[in-house]
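Both ligands and their constituent atoms are indexed starting at 1 by order of listing.
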Amino acid sequence: MVLGLSGGIACYKAAELVRELIKAGATVQVVMTEAAEQFITAVTLQALSNRTVFTSQWDAREANNMAHINLTRGADAVLVAPASADFIAKLLHGRADDLLSLLCLARPIERCPLLVAPAMNREMWAHPATQRNVAQLKADGATVLGPGSGDQACGEIGDGRMLEPAELRDELIAFFQPKGLAGRRVLVTAGPTFEPIDPVRGLTNRSSGKMGFAIARAAAEAGAEVTLIAGPVALATPRHVRRVDVTTAAEMHAAALAAAIDSDVFVATAAVADWRVASVAGAKIKKADGRSVPVLELVENPDILAAVARLPKRPYCVGFAAESENLLAYAREKLVKKNVPLIIANIGGATFGEDDNAITLVDAAGDHEWPRAGKLALARRLVAEIAARLEREPTAGRP
Ligand code: C5P
């Protein structure tokens, strides 16, 4: 890919961005404007990208002296980061008086998409001229990433910061994922629940939430509008995902039912506690020094997946079965008992907290074992599978 830098203080982040893109497997050809060279040197970017950097349309190193043509013919995308207000204005008018704007104009528009990551002062960003230019740039087919919001180099606070390098990397990865769930609404539950015993203690389990968060991310990458209802976990919210934090099964139940009503898909990955304490102590239960130990009375929590599957206009419901034994038999039992079209079976102890997983899809037609893979890779494959099922049978799984 071509990474273009125009002039702005956010150029300092471009060094890290090159590293992130290369770590993610990209080949990065850096092109800089003259203004960008005021902020960071070509030497730095050459060293990090392991390729000579191009800065001029008069660069005689190219045999045909046509860097503006050659650089994009093999590229999968052009990302301009940072994209200054001035550079955006140039792009919009099809101006081409430096190598970067020239190659943006000369790129094969169908084959080589243009992405821009604006970076500028908040007043410049909010200015009607910039907003008009950005809207037109989008109408011309460019994808605008960000900008973010927060502290600015000038000391002001507001919109206009370039997205962080890791965010830009993830945006670019997402850009290239198939959009099988475009226009769909997807609801995901993830993580454990925590059922209090008293103000300091509770019942919970070892679910990390990683599988559910990966599914939420993959669904968002596939173009869905995603709501993620998360129990207590220490994970960052995937980009473009609406997150609702809950603690107990009762809270997760209420949040999930409210969101399920207008969802097309529900993926229940949460390891919901089966029981809660019948009456939560208002104060910390004290040790009675060897005399007697407290006895906890438990009551059953509502089954969220089964409740969503009972809705008259239910979404396509996908459940998870985490078991320690008799995995496929238990999974098939859940398929019937919860009345859902698809259960994903995995071994509980072997997946909780891990970055990879081995799963088997259990549906009315049979069992389909998928090879062990990273949770994100599995999540992307699962999202594609759900998209295909929705496509094949739009009311799939409806009673
Ligand atoms: O019944 P069991 O807990 O084994 O079923 C697991 C599946 O059901 C998972 O998809 C889980 O998210 C969902 N579930 C639920 N509400 C519960 C218990 C489980 O949604 N109270």
Side-chain angles (χ1 to χ4, degrees), residues 186-196 202-216 218-219 226-233 235 244-261 263 265-278 298-311 314-353 357 359-363 367 375 378-379 382-383 385-386 389 397:
V186 174
L187 173 65
V188 182
T189 59
T193 65
F194 179 92
E195 312 297 330
L203 299 174
T204 189
N205 61 65
R206 297 162 72 94
S207 165
S208 64
K210 285 182 184 172
M211 192 69 221
F213 274 59
I215 289 170
V226 182
T227 299
L228 170 63
I229 302 176
V233 294
L235 293 174
V244 181
D245 282 316
V246 295
T247 304
T248 64
E251 288 167 11
M252 188 176 274
H253 180 257
L257 278 160
I261 289 168
S263 294
V265 177
F266 175 40
V267 187
T269 61
V272 184
D274 290 313
W275 309 283
R276 66 179 180 279
V277 176
L298 302 179
V299 290
E300 200 164 314
N301 274 325
D303 189 314
I304 302 166
L305 177 58
V308 169
R310 277 194 300 269
L311 291 173
R314 71 180 193 175
Y316 185 82
C317 291
V318 182
F320 268 70
E323 300 290 346
S324 56
E325 56 189 8
N326 297 334
L327 181 60
L328 296 182
Y330 284 141
R332 192 155 293 284
E333 220 174 86
K334 285 186 225 290
L335 191 75
V336 177
K337 206 173 91 193
K338 296 177 194 253
N339 186 25
V340 295
L342 180 60
I343 290 279
I344 313 300
N346 54 187
I347 296 288
T351 172
F352 280 12
N357 198 2
I359 62 176
T360 301
L361 276 62
V362 176
D363 64 13
D367 303 338
K375 286 184 174 171
L378 285 173
L382 182 60
V383 158
E385 172 70 29
I386 293 170
R389 286 171 183 241

Option set A270, A307, G319, criterion heavy-atom distance to atom 12 (O) of ligand 1, minimum: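 Nearest heavy atom to atom 12 (O) of ligand 1 lies in A270.
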
Is there a side-chain contact between [X] and [Y] (heavy atoms, below 4.5 Å)?
X    : Y    : result
P302 : M252 : no
T227 : V188 : no
I344 : L361 : yes
V362 : K334 : no
F266 : V340 : no

Step-by-step side-chain contact (heavy atoms from CB on, under 4.5 Å) determination, K210 to L235: CA-CA 8 Å; K210 285 182 184 172; L235 293 174; 4.3 Å; yes

Ligand 1 contacted by A321 (non-hydrogen, < 4.0 Å): no

contact_flag K338 ligand 1 heavy-atom lt 4.0 Å: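 It does; at least one heavy atom falls under 4.0 Å.
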
For [atom], what's the nearest protein heavy atom and its distance?
atom                    : answer
atom 16 (N) of ligand 1 : I304 N, 2.9 Å
atom 17 (C) of ligand 1 : V272 CB, 3.5 Å
atom 4 (O) of ligand 1  : K334 NZ, 2.5 Å
atom 10 (O) of ligand 1 : A268 O, 2.6 Å
atom 3 (O) of ligand 1  : D274 OD1, 4.0 Å
atom 21 (N) of ligand 1 : P302 O, 2.8 Å
atom 13 (C) of ligand 1 : L305 CB, 3.9 Å
atom 6 (C) of ligand 1  : F320 O, 3.0 Å

Candidate list L327, D367, I343, test side-chain contact (heavy atoms from CB on, under 4.5 Å), partner R332, passing option: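 Answer to the side-chain contact (heavy atoms from CB on, under 4.5 Å) test with R332 among L327, D367, I343: D367.
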
A271 contact mode with ligand 1 (heavy-atom cut-off under 4.0 Å):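 Neither part.
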
R389/D363 salt bridge by N-O under 4.0 Å criterion: yes

